[in-house]
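These notes are about the structure you will find just below.
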Amino acid sequence: MNSRNKNHGKKVMLLLTIFIATLSTISTPALAGEVAPHWRYGGAENPTQWGSLSKDFALCESGRDQSPINIKNTVESTPSKISFDYKASPLVVINNGHTIQVNYAEGSTVTIDGEKYALIQFHFHTPSEHEINDKAAAMELHLVHRNETGKLAVVGVMLTKGKANPLIEEVWKNIPATGKTNTVSNITINAVKLLPISKAYYSYAGSLTTPPCSEGVKWNVFVEPMTISEEQIEAFEKLYQVDARPIQPINGRSVQLHR
Ligand SMILES: [Zn+2]
């Protein structure tokens, strides 16, 4: 081997070392607080692949009661029996790498069909995850509740383009960097300002719309949308251009309409 070949060999080794170093950087979780395995809305870890990313995510592929769905062919059911007892909460905004989430203080509840659930957090999707009669909205808000036995009830609110929402403005103004939490001690919010006047809603049995796609989630989507301004939609889309799981098969489930 002459010196030129030796040098070449050294260069190859150096490049290999850099390549391996880069690979290990990529495979390390990019965000503090994000738990492996990764899942995303695009690229190789897009929603059609979630079920194969981890054994823990198997239901994303094999589940029969998955969310979101296209809400149509609904069945008229018992009158609306949903009532909210939301209290003010200090503003805590989390930018978790998948969405913007607001954690809620203890003591706020929703009662659905006589069953009480505590509000834990709310977060946003763009475009909407659910469709109503084949139509998606610009965004969708999910208010996540849990009862004493651990059962989840999510209240979905479609957000259509229109007047700005003042509470959402307050949230957007306080979004931290990816992976970070912003506890804003001098601002309190009340999620009641995110609810439409009409309490008519659709209900069905579904799942989490993100991995692990756990089932047994009681879904309640308001018929009446709330509005969000074009500027507010654009501000969110700058951070998360798309964070909505595609529509899942209905598999014979009934969707009830409570007026
Ligand atoms: Zn959601």
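When a ligand or atom number is given, it counts from 1 through the structure's own listing order.
Of the N and O atoms on the side chains of Asp65 and Asn251, not one donor lies less than 3.5 Å from an acceptor on the other residue.
By the ring pair (Phe, Tyr, Trp, His ring centres under 6.0 Å) test, Tyr41 pairs with Trp39, Trp50, sequence neighbours left out. Taking the side chain to side chain contact (heavy atoms under 4.5 Å, CB included) definition, one finds that Lys116 meets it with Thr109, Thr111, sequence neighbours left out.
The aromatic rings of His123 and His125 lie perpendicular to each other, with more than 60° between the two planes, well past the 30° mark.
The shortest non-hydrogen separation linking Trp172 to Ala235 is CD1-CB, 3.6 Å.
For residues 145-159, the pairs satisfying side chain to side chain donor-acceptor pair (under 3.5 Å) are Tyr86-His145, Glu115-Asn147, Asn147-Thr149, with sequence neighbours left out.
Below the 2.8 Å limit, the Zn ion (ligand 1) has as protein N, O or S neighbours His123 NE2, His125 NE2, His142 ND1.
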